[in-house]
Amino acid sequence: MPVKQTSGIEALLEALKQSGMNVDGAGFGAGKGGPDGEGPASTGAGGRGASAAGSGRGNGGRPVTPHIEIPFADRMKTWGRRAVIVAAIVIVIVALAAYWWFHPPINIHSTDTWMFVAIFILLPLFLAFWSRSRSYETGTSKLDPNPTKSKTFKWLSFVPVAVALVGVLGAVASLSVFPGNAEKYANVLQTTDLDFASDIQEVNYSEIPIIDRDSAILLGNREMGSIPEYVSQFEISPLYSQINYQGEPVRVSPLGYADLFKWFTNREAGIPGYALVNMTTQNAEIVRLDGNPIHYSQSEPLVRNIDRHVQLKYPFYMFDEKSFEIDEEGQPWWICPVQTRTIGLFGGTTIERVVMCNATTGECQDLAIDEVPQWVDRAYPAELLIEQYNWSGKYKNGWLNSFLGQEGVVQTTPGTDGQVGYNYIAKDDDVWVYTGVTSATADNSIVGFVLINQRTAESHFYTVPGATEDSAMGSAEGQVQNLRYTATFPLLINVANQPTYFMALKDGEGLVKKFAMIDIQHYQNVAVGDTVADCQKAYLALLATNGVDTGGVATDTLEAQGTIVHMVQAVVEGNSHFYVQLEGDESIYDFALPGLIEIVGYQEGDTIRFAYLDSEVTKPVEGITAPDGSVEEASGEPVSTMDGPASGEQQDASASNG
């Protein structure tokens with residue numbers, strides 16, 4: 001009897017089948033066609049149609065390479081018990097290594113935890129259970145078919161799916177549209193309405209921060225260049241946290257290892273210092289930490305990485321944005337706020353605890369928010385506070401009103417370049433986040449502004465209608481448009497009980513060249529000066545010109561006396577002003593009514609004596625000296641009528657000047 005001849009391909013397929021691999025539907029036949037391979041395709045193993053040519057040949061008898069598709073799960077079902085155990089051990093090791101490296105919090109409210117569990121636990125479990133179910137359903141070379149076990153593993157494969165569904169439902173329960181959630185979001189942050197003039201003290205120019213974060217970075221990097229032994233090994237972190245240090249606003253940022261090799265060579269000695277930039281004086285220095293270097297930082301790649309160190313020490317805590325601060329003795333600390341989710345699984349984020357980590361020793365203190373010491377300035381991240389205020393502004397009248405009627409809906413003003421618009425104010429030895437508040441349509445005006453304490457989350461709202469920060473920046477830049485200076489995001493200050501925007505004007509290199517003050521309610525009123533003192537003087541003169549009582553804030557009052565040679569009346573924004581020139585004096589003196597109502601008793605040719613403030617354009621008058629030598633000071637009440645002068649000569653003078 002002749003021996004049956006088989007091709008190499010057929011032998012390979014038979015060997016694969018014997019090993020338990022599924023080769024059904026692989027795209028080739030097992031039977032033979034006609035003598036020349038042109039007969040009809042026979043039925044291959046599994047009863048499926050094979051290729052167009054018998055014996056796995058076509059195109060004139062040339063062999064056709066088979067294409068076998070074996071999904072990963074189908075391969076898993078052929079594994080034996082030992083392979084499954086080895087795979088499980090590998091998965092556990094990989095998961096532990098991934099946990100150490102990525103260190104997500106072990107907390108059901110953390111989205112990072114859910115992503116980690118889904119990738120490293122739920123997905124492998126689903127694949128393992130589903131493949132074993134298939135193995136017992138069809139059987140393999142090592143397992144006999146077992147419908148009971150197949151059904152058991154099939155039900156087990158539903159467990160990771162059910163866990164994933166819990167996360168999805170928790171996310172849905174966190175949405176503001178979920179019944180009752182809008183009210184909860186609106187009450188996460190409690191805000192009190194206060195009066196600006198009585199709550200915000202008049203500005204102390206020795207304490208006002210006159211530069212922004214970008215300028216602080218430039219100053220810090222320049223100072224770093226003066227220490228060559230540090231430049232080659234370290235660089236300044238971009239953090240630059242703004243804090244109050246010994247009563248002054250400063251920005252601090254730790255040094256960090258320049259690269260991995262620099263870390264390897266310096267890790268034992270640690271990081272030798274931090275950058276400190278005074279926001280008022282613009283003085284920058286690199287503070288050396290002799291004997292107490294920083295060992296725990298964000299530039300550490302392994303065990304002493306501050307994020308990993310704190311998270312592994314408190315594995316169940318969800319940490320928010322960490323900040324670098326120094327205490328009153330200059331000791332560096334990491335301030336690590338702990339998140340709490342109060343709505344559903346993932347909504348209503350707030351801060352209830354703070355972990356303080358000593359940057360030198362790594363020792364930690366776990367404190368409730370009301371136990372945080374006074375010198376800590378940044379327990380609540382600024383952007384979280386802005387988000388919380390926007391929740392209250394959006395949902396205080398319910399979810400439906402938040403996008404349909406929008407009655408009373410407000411939001412914080414946007415910043416530039418798509419960033420959140422806010423700045424910091426030093427008040428009561430704390431750092432407060434400041435931002436304007438505008439309507440739901442985000443127009444170019446504000447209805448007021450809000451101050452929120454970064455240590456306690458105390459929130460105050462002040463009703464002050466006026467221009468947005470972006471509009472004020474544009475107005476200030478317009479004053480120096482020929483110089484092409486750009487304005488920094490403004491600070492809010494109190495000048496003569498007037499809410500005022502204060503900002504620096506920088507050149508193309510980022511260096512501060514001038515300063516500007518802008519009346520929030522009348523943002524076309526802009527005062528610019530080369531120094532803060534010059535800017536203040538010009539702004540006070542501008543306020544006096546508009547009938548505002550400066551309350552004796554100005555200290556450089558001058559005196560003039562002479563014969564009036566020219567006198568006209570004008571109305572500026574509804575307020576009456578008399579503009580006077582004296583004989584032999586080219587200056588124009590501004591008498592604002594009704595504070596200086598006695599000016600109506602004077603006319604050209606009369607002799608007058610008065611006190612005034614020096615200014616570049618018009619010089620605002622503070623008071624008129626009466627014949628008995630007393631000074632009649634301005635009352636500061638603006639006039640909103642079109643009252644004319646008292647005499648016919650003054651009326652003629654006004655008419656002759658258009």
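Please read these numbers as outputs of a predicted model, since none were measured by experiment.
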Once you measure the plane-to-plane angle for [X] and [Y], does it fall in the parallel (<30°), tilted (30-60°) or perpendicular (>60°) bin?
| X | Y | result |
| --- | --- | --- |
| Tyr395 | Tyr185 | tilted |
| Tyr314 | Phe319 | perpendicular |
| Tyr434 | Phe449 | perpendicular |

So, the side chain of Thr438 versus the backbone of Thr413: is there a donor-acceptor pair under 3.5 Å, distance only?
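Answer holds: no.
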
Full working for side chain to side chain contact (heavy atoms under 4.5 Å, CB included) between Lys262 and Phe234
CA-CA 8 Å; Lys262 302 300 192 308; Phe234 304 95; over 6 Å; no

Could you go step by step and tell me if Gln374 and Arg455 meet the side chain to side chain donor-acceptor pair (under 3.5 Å) rule?
CA-CA 8 Å; Gln374 176 74 32; Arg455 182 174 60 87; 3.2 Å; yes

Go through the steps to decide whether Tyr296 and Val310 satisfy the test side chain to side chain contact (heavy atoms under 4.5 Å, CB included), and finish with yes or no.
CA-CA 10 Å; Tyr296 293 82; Val310 175; over 6 Å; no

The single option from Leu451, Asn423, Val450 passing side-chain contact (heavy atoms from CB on, under 4.5 Å) against Thr435:
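Answer after filtering Leu451, Asn423, Val450: Val450.
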
The criterion is ring-ring contact (aromatic ring centres under 6.0 Å, His included); which residues satisfy it with Phe316, sequence neighbours excluded?
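Counting only residues at least two positions away or on another chain, Phe316 forms no ring-ring contact (aromatic ring centres under 6.0 Å, His included).
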
Going by the rule ring-ring contact (aromatic ring centres under 6.0 Å, His included), which residues pair with Tyr240 if we only count those two or more places apart in sequence or in a different chain?
none

Would you kindly check if the NZ (Lys) or CZ (Arg) of Arg308 is within the cone defined by 45 degrees around the ring axis of Trp101 and under 6.0 Å from the six-membered ring centre?
yes

Measure the shortest side-chain to side-chain distance between Ile243 and Ser323 over non-hydrogen atoms and say whether it is less than 4.5 angstrom.
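Contact flag for Ile243/Ser323 side chains = no.
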
Do Thr412 and Asn390 have side-chain N/O donor and acceptor atoms under 3.5 Å apart?
yes

Strictly by modelled atom types, are Trp399 and Asn181 linked by a side-chain donor-acceptor pair under 3.5 Å?
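Note: Trp399 and Asn181 side chains miss the donor-acceptor criterion.
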
Apply ring-ring contact (aromatic ring centres under 6.0 Å, His included) to Phe324 and Trp334, showing your working.
CA-CA 5 Å; Phe324 179 82; Trp334 290 99; 5.3 Å; yes

Stepwise side chain to side chain contact (heavy atoms under 4.5 Å, CB included) check, Trp114 with Ile108
CA-CA 7 Å; Trp114 280 92; Ile108 193 174; 3.9 Å; yes

Straight-line distance of [X] [atom1] to [Y] [atom2], nearest 0.5 Å:
| X | Y | atom1 | atom2 | value |
| --- | --- | --- | --- | --- |
| Gln406 | Leu400 | CD | CG | 11.0 Å |
| Asp112 | Ile106 | CG | CD1 | 12.5 Å |
| Thr191 | Ile452 | OG1 | CD1 | 6.0 Å |

